[in-house]
Structure formats: structure tokens, C-alpha cells
Amino acid sequence: MYPAVYSLHLHLEDQHPVTFRANEDLINVVSLDRSRKSMLTEFFTLNRVDDNAKRLLYKEFPEYYVWNQQYKEWTPRKKKTVIGRIVTVNPFEGERYYLRILLNHIRGLLSFEDLRTVDGVVSPTFREAATMHGLLQRDSSLEDCLQEASLYQMPSSFRRLFATILVYCNPTNPRELWERFEQDMSVDFKSTENSISNVKTKVLRTISFTIESMGKDINSYNLLDDDICFDEEEFQSREIDDELAVEIPEEDIAASESLNSEQKHVYNAVLEKVFANQNAAFFVDGPGGTGKTFLYKALLATVRSRKLVALATASSGVAASILPGGRTAHSRFKLPLDTDKKSTCCVSKQSALANLLRSAKLIIWDEAPMTRKQHIETLDKMLRDINNSDVTFGGKVVVFGGDFRQVLPVVRKGTRQEQVTSSLVYSYLWPTLTKFHLTENMRARFDPVFSDYVLEVGNGMPPNTIDETIKIPNGMLVPYEDDNTSLDHLIEDVFHNIQEYSANISTMMNRAILTPKNGSVDEINALLIHRFPGKVHRYYSFDETIDASEQSVMEDFLNTLTPNGLPPHELLLKKNCPIMLLRNINPSEGLCNGTRLICRSFDRNIIDAEIAVGHHIGKRVFIPRIPFLPNVDENSGFPFKRTQFPIRLSFAMTINKSQGQTLDYVEIYLPQPVFSHGQLYVALSRAKTASTVRILIRPVSTEQREKMRTVYTAIKDITPNTRNWKIKMIVAEKSPKRISQRTNVKYQNLTLFDEEGNRVQAAMFGADMSNQLIQDILAVAIKIKPIKEVTTAYGPTTIQEIYVIDERADDNDLIIKSIIARNLTYPSAPLSSVGIREIVKNCDIAEMMKGLQPMEIAAIMFGEVAEEAFGCSAIELIENSGEEHQPYIKSVADKLSTKIWKIQVYADPEKLNEKRHKHFNVLSIEAMEDERNAGSSS
Ligand SMILES: Nc1ncnc2c1ncn2[C@@H]1O[C@H](COP(=O)(O)OP(=O)(O)OP(=O)(O)O)[C@@H](O)[C@H]1O
């Protein structure tokens, strides 16, 4: 086995084994100096004299020192890599087990007594010492946690903490906790209420509200002998009163005056329906930073300021917490977590929620593309049901919004196709939504070049994105020197005066390092917390195997795991450091998965923190340890429970977690080259200008770096003297095969892109044409809407919405074929023709469509079929399509077999000075697929 595992002895004081010969005198043996020595005692001895040793845990010792059995001493290791492991001990062995826990976590130990000493106090047992170090969970840990919180004398935060403990920590006896801390939770009400029973009712009512907003019922916790009943009428109207009481920020009221023309257009359209009491459902699509949230806030403020109910929801907790009164759609509508096609909602018509929904004049659901279509369909059914209406969304005004370029719904272990089909676009509701597009990047409005660049990356289109290779402007790149130096430069750039962090918290919280994977997040956070000023506080998780008999064997291993979404085993924190919450504890109070906070103070069982961003900024919260049961799939298939504070450091965060946040300074760290343009888009669109973005790309190997430099030749670098050059191209499109009328030669036109996005059109002749290139039939148009004028990011243009039928619908196969055959009789225009609209208009496809099964997908037709039917190239279709088509185009285009080819092209020297080199002839074509798939070079 490599590396070798070095087993380390473990024993209580003076209880180590001693070897001796049968004829030796035992008294002599015991008095010998070497008999007093063991691996462990000599570990202590070396720690007393060697500063390097002091930095190590006992189990790390063998990596740097070798145990000499003959002389009973540790000497520095010169070669061979080994790892150490302290022998396994069963928890039933008592003190030896606790000794092992201490040794596994505490450094610089000098003696057994030192092991038992915590903050200068010597504990009688190792168990007590381990508990004092926070390495063992006390039976009374929840009580201790509340006791610590009570000393802060912040009754409203204390009540929230109590509710959190009831809901998330499963206390064995909630009533005992209630009785013990009732007074601490009542302090503020004692001065406003005139009797003890009123105080009690008020305290219980506020706790009940919090518990309810966490999706639970106070009566499940047996706090009093009888169930707690609040006045029925009050209960019914409370949800509505709460909504009407949502604070309306002044700036949100003013926002309606500063909307840009696109935002204003949506604002007017929505409010017209709200105030006319007419039903309507909208979808506001806009790339990151185009002011969707700004618009929602303006809408909410206007409706709420007229004392009408407007519900603010979002798919994720972070997006919800940015909106005043925002809740996750799941908690607001009590949506079931598992939804299937048949799922209906189980909200009774008499419930308080039904009352609230009936009175709502406006419902907003942000980040709708992130949710599965079934959830939105459930809301539709629920609203129809409680409003006794057959109209979509029960006749309400509903505004969905989001950005399809960002994250699609998560389908566990689902393919990209499954993710796409589970999105709202594939719902029966999609065609019923009135779509609006916001195109002006308000976040980056002072840097239009950057704003265009971000949008192009988001669309994943050439010239900036070629087959998932993204071109990054030089000005944004942090030059790569070596891993550590470059990462240091990146960190310096963003947090150069980390010593001053506490004095500039609001500035610092607007800076972050974004990276794709959790591993890199941990790497950077670990570096930064060491550089951060102040005393370190360590919190260890309690990791328990579900099967108690496995605890002794698995414990060390579990401590090394940080499954997705879980806090680490060892949490290092300092006063005023930034942290991020990892659980949706209570989104209506701003506490959701992704909320960023600042640590204010620490106790053994609670962390006092302050919300640092969003609508709830400044709110103080007590965070207790809570149990996590990680998904078995994500931790090598081993079920266990981790009890830890639900937080992690947030100097760095994953790109996914940054969604929805505006940052003044964005550093993007890409340790792996594998990266989707959608992810980079999310990261870039957090920033306001190019000058506030820095990107560090760590090449995997020098070989790869060399290859990146030398292999690619760009079209623009070709000179008239260049002959028979080879270049990597993407065949983006090919025309139908044609015969030249003049020369009778067979040829085929191609649209090619090089790696930099330079485009050429080339022709292919003879045998080369038999290459199985690209583009199968993906879909056929079944509904073509009239041409309309729209304003896109590229200026005003005309678009045409085309609904296509999926080729997978077998029943439609024959009809599709006949449509194609019929259309082929129309004159076919050349590849670059723009004659599409005329031809489409004249096509009488409508009659044939009637026979088709209604398996509509909204998309655009590509490739030969598109060209044959419409006389238009796919590229033209893409360029002439409105924003709303981009997601479908993307999903269809993803299926296209764009490949990289090595192509010999003949360039006509006469034409090379032209801006766009159009006149090339392809001499030969060689697929480069192997290089990408199998890693062999060409
Ligand atoms: N009309 C406006 N006038 C002034 N500032 C605006 C306007 N619209 C938006 N902004 C500002 O632009 C920035 C981005 O807006 P917002 O957060 O609403 O965009 P978004 O579309 O929700 O972005 P994302 O999808 O990334 O969350 C914010 O700082 C916001 O205050």
C-alpha cells in the first residue's frame, strides 16, 4: 500500500506496554529509562524542544519524524512518504477514546496533564477536557446554547433562536427548555403587556409565527398542557396583516421614477392589469444586471403603498431575501418538494394561505428558470382551485422573471436535456405568458463594452465563445506565474488591506473571490482566515455514524469529509470575518442558504452574527449548531450525521452561490480549465465594470500551456503569402449539396469559425463532401408567427417566432417528411441569403400542421432542413432572433454536432485584404475529434 500507514500507539499515562525477556528482573525493567518511553511520551518530549514538532498533530508526526524502536526516540524523516494513524479505540473504552479525540485535534502538547488543561484549568478527565475544547457534544448542549444566548439580553433574537432550535435541533424535551427560558424570552413584552398571561400569549404567538414561517406548527412541540390556540379571526387575517405590514423602503417608492424605458414598459403593463383587476401572467427575461430586481421592488412598493397585498417570492433563498417581504416560493405557497405531473396542491380553501392568495393583487416569482416547471404548474392549479376559476393562475396577476443563461433547474443526476425539459419553457404555461425583455445592463451601464461582452458570453455564441472555449480580454487576466504566486496576487488584488477589514466591512463585503468548486473555495478561505487579524476560534463538528458500532472505525474518515452544502469539520473563525449561511433557516427573516453575515462574537455553543447584505442588513442573529444528514451519495456512500454551525467562511464562494449578488469587485479563480460559459457569465455579471474584474486561470500543465500558445492560428493572421495552411475550425453550418450550373461541379458551402471567432465561408468539393459533418434534423416548424419589430442588445431588428415540433415525436414522422418534401419545391436560396421572410410568408404549411400531435416546443429550426424550408442559414436565424429565443436556440444548438476540424484551405491572395475573408476553398478536411475526446494530439 502506498503511502505506508504508520500505526501510532495510544495509552493512558504510565499504561504503555513494555517488552522484556523472561529471565529479566521486573524491578530492573521498570526502573530502566527506556521502559518509561513510548511513541506518545516521546512525542511530548520532542514537542518541548522542537518548534517544528510543536506545529504537528500526533497523527501527522510520522510524516516528518521516524520512530526508532531501539533508542526509543523520534528522529527527523529523510525519505519515504508515510501517513500516520492512531490505533482505533472504541467509544466504550472511555478515557482512552477521549484521549484519542484530543490527540487528533490539539497541537503542541507537552504532557498528559497538558492534554487535560483548557484555558489554564486542569480537568480531572480527558472526557471533560475534550468537552471543554468543544470536541464532544454535551447532553445539555442545547440548554447551554440558550443559556449563553440569554446573557446577551436580546429577547427577539433569543425567541428566533428558540424557534430555530425547536425546528432544526430536535430537542428531547422542548417543554423543559421553554419553562427554563420563558422569562428570558419575555423581557421586552413585560413592559408593554398588562398581565402575565398576556405576556405569555404574546411570546408564544411570536414564536409560533417564526415556527410557522419555517414550515412547522408550534403545537408539535408540546410547550403547554393544552394546544396553543390563537384567536381564529386573528389567525385568518394574520397572514394578510403581515404582508400589509411589510416595510416599504423609500428608495423603492422612488424607483418607479427612475426606471429605464424597458423597465417602465413592463411596470406600466403589469400595473395596468393589477389596477384594472384583470388577470395576466408575465415573464420578464433579462440577463444579469438588467434591473429585474429593481423593477420588482418598484412594482412591490407601488402596489403595497396603496395598501394592497403584493407577494414577493423567489426560487432561491438569496434572491428572496433581497426583496422586501420576500419568501422562497416553496415556503410561501407551501409547495410539496416532490412534484410529478399529477401533483396538485393540498391547500384548503378555508386556510389562511388561501385567504392570502385570494387577496393578493400581485404575485412575483423571481428566478423562475431555476425551478422545475411542475412547481409553477402546481401554483397555477392551486390558484385556480382556491379562486374557483378556470383561468390561468386563477385570474391573478403573476410576474415571473429570471435569466435562462444562469442556472437551469437541478435534476439530480439528470442530463442537460432533462434539465432543459424540466424548465418552465417546456410547460403548458409558457405560451400563455406575456414575455418582456430587459436588455440594458444597468449594473454595468457605465461600461457598455464590458456589458456587451458579458452578454455575448452569456449567450455562449461566437466570437467570444467557441465550443465552450471563451475568449477573455487581456486586461482582466491576472498573469499566471506559478500556482502560489498568482493566487497571492489575486488575493492581494481583492483584499490587499485585510488588516483593515473590520474598519471597512461594507466595502469588503462587496468584494469576493468566485470559483467553480467548493474545494477551491475552502483553499482560499483557509489562506485568508490566517491572514485576517484577530484571535482564532475553532469549532469542531460532532460526526456520528448512524450505526453506532462503526463510530470508532469511521470517525477519523468522517472528520475529513466536507460533503456538498455541509459545513467543514473544523471551522476557523475570527471576530468580524465574513461567513455564509448554509441552510434555509428562515428566509422571511433573511436567513437563507447563501445569506452573508459578519461574525460579531463567539460562545461555546452559539455564534452571534449580523446579516451583512440584502434587505435584512444589520439584523443580529444567534446561530446554533444544527444536525446535518448529508446525502449518502455525496460522501462515499456512508451515512452519518454532522452537528455543526451551519456556516462557512465567505471570502471566497462558489459561482453558483454568488447568483443574485451585486459585487463591487469580482475576482474569478479558475484552477481547472473545464468551465461552462453559463457559469463564467454568472460570475462576470456580478460586476459593474471590466476594471473591477480579475480572472486567474491556472493551466493544468506546462505542456497544455504550450499547446494553447502554439496550435491555434487565427484567420486574421493569414497573409497572401500563406499557402496550404492548416487551422482548427468549427464547422458551424453547412448548406445543402449543390451543382454549379456553370461548371457542373458538385459543391457544398460551409460556415466556419476559428478559435478566435473569426468567421469565414468556405466551399467544399467532390469527395470531401462525403464527410459526415453536421446537423441532423432536430425539429420542424409547425407554427410561424408574424414578423415583429423588437429592440435587442444589438439594436432594433425584426424577429419571427417559430414553434417547432420535436423530431422525437414518432407519430409526426411521416407528416414531417411530407412537409419537408413540400417545401423543397420552393426555390432554395444560397446559404447567406436573407430571403427567409418572403419564403416563409408564402409557405402554406398551416393546413398540414393540423395533423400534427401537439408536442410543441418553442424553438428555431436549424441546418439543412431550415435552409431548405426557409432559405435561411441557422446563423442568420440566430442573429435575427429575439432574446426570448436564445434559450431554445442554445438548447437546440447544444445538440448540434459542432466539431473542431483541421482544414486546408486555399486562400485567394487577391481577396485577403478584405475585412471578412469569404473566399476560401477547402482543400481537405480532417476531423480533430480524437484529440479532444481521447487526448491525443494531432
Ligand atoms: N433604472 C435604474 N436606475 C438606476 N439603477 C438601476 C436601475 N435598474 C437597475 N439598477 C441598478 O443596477 C444594478 C443591477 O440591478 P438588479 O440587481 O435589479 O439586476 P438583476 O437583473 O436583478 O440582476 P441579476 O440577474 O444579476 O440578479 C443594481 O445595482 C440596481 O440598483
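By convention here, the first residue in the shown sequence is residue 1.
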| message | Looking at every non-hydrogen atom in both residues, tell me the closest pair between Leu356 and Val309 and how far apart they are. | response | CD1-CG1, 4.1 Å
| Which atom names give the shortest non-hydrogen contact between Gly565 and Leu582, and what distance separates them? | O-CB, 3.9 Å
| said: Among Trp365, Tyr296, Tyr267, Phe436, which residue satisfies the ring-ring contact (aromatic ring centres under 6.0 Å, His included) criterion with Phe282? | reply: Phe436
| request: Give the ring-plane orientation class for Phe283 versus Trp430, where under 30° counts as parallel, over 60° as perpendicular and anything between as tilted. | output: perpendicular
| Glu250 atom CD, over 12 foreign heavy atoms within 6.0 Å | no
| query | Per the side-chain contact (heavy atoms from CB on, under 4.5 Å) rule, which among Asp252, Ile364, Val246 passes with Leu300? | reply | Ile364
| request: Could you tell me how the ring of Phe393 sits relative to the ring of Phe400: parallel (under 30°), tilted (30 to 60°) or perpendicular (over 60°)? | output: tilted
| query | Is Arg445 paired with Glu440 through a side-chain N to carboxylate O contact shorter than 4.0 Å? | reply | no
| query | Stepwise, does the side-chain contact (heavy atoms from CB on, under 4.5 Å) test hold for Ile363 with Val399? | reply | CA-CA 6 Å; Ile363 297 174; Val399 178; over 6 Å; no
| field | Considering all heavy atoms, the nearest Tyr681-Val454 contact | value | CD1-O, 3.2 Å
| Pairwise distance CD(Glu589) to OG1(Thr595) - rounded to 0.5 angstrom | 11.5 Å
| query | Roughly how far, to the nearest 0.5 Å, is NE2 of His265 from CG of Leu438? | reply | 10.0 Å
| query | Between Arg384 and Asp390, which heavy-atom pair has the shortest distance, and what is it? | reply | NH1-O, 2.8 Å
| Is the shortest side-chain N to carboxylate O distance from Asp385 to Lys381 below 4.0 Å? | no
| request: Return yes when atom NZ of Lys216 has more than 12 non-hydrogen atoms of other residues, nucleotides or ligands closer than 6.0 Å, and no otherwise. | output: no
| note | Value for CG (Leu244) from CG (Leu308), rounded to nearest 0.5 Å, stands at 8.0 Å
| From Leu204 atom CG to Phe209 atom CZ, the distance as rounded to the nearest 0.5 Å | 11.0 Å
| note | OG1 (Thr313) and CG (Leu379) are apart, to the nearest 0.5 Å, by 8.0 Å
| query | Does the cation-pi check pass for Arg306 over Phe275, that is, NZ or CZ under 6.0 Å from the six-membered ring centre and within 45° of its axis? | reply | yes
| With a 4.0 Å cut-off, would you call Arg327 and Glu243 a salt bridge? | no
| If you look at every heavy atom in Lys292 and Gly402, which pair is closest and at what distance? | CD-O, 3.8 Å
| Ser256 and Lys264: which non-hydrogen atoms are nearest, and at how many Å? | O-NZ, 3.2 Å
| request: Look up atom CZ in Arg160 and atom OG1 in Thr210, then write down how far apart they are to the nearest 0.5 Å. | output: 7.5 Å
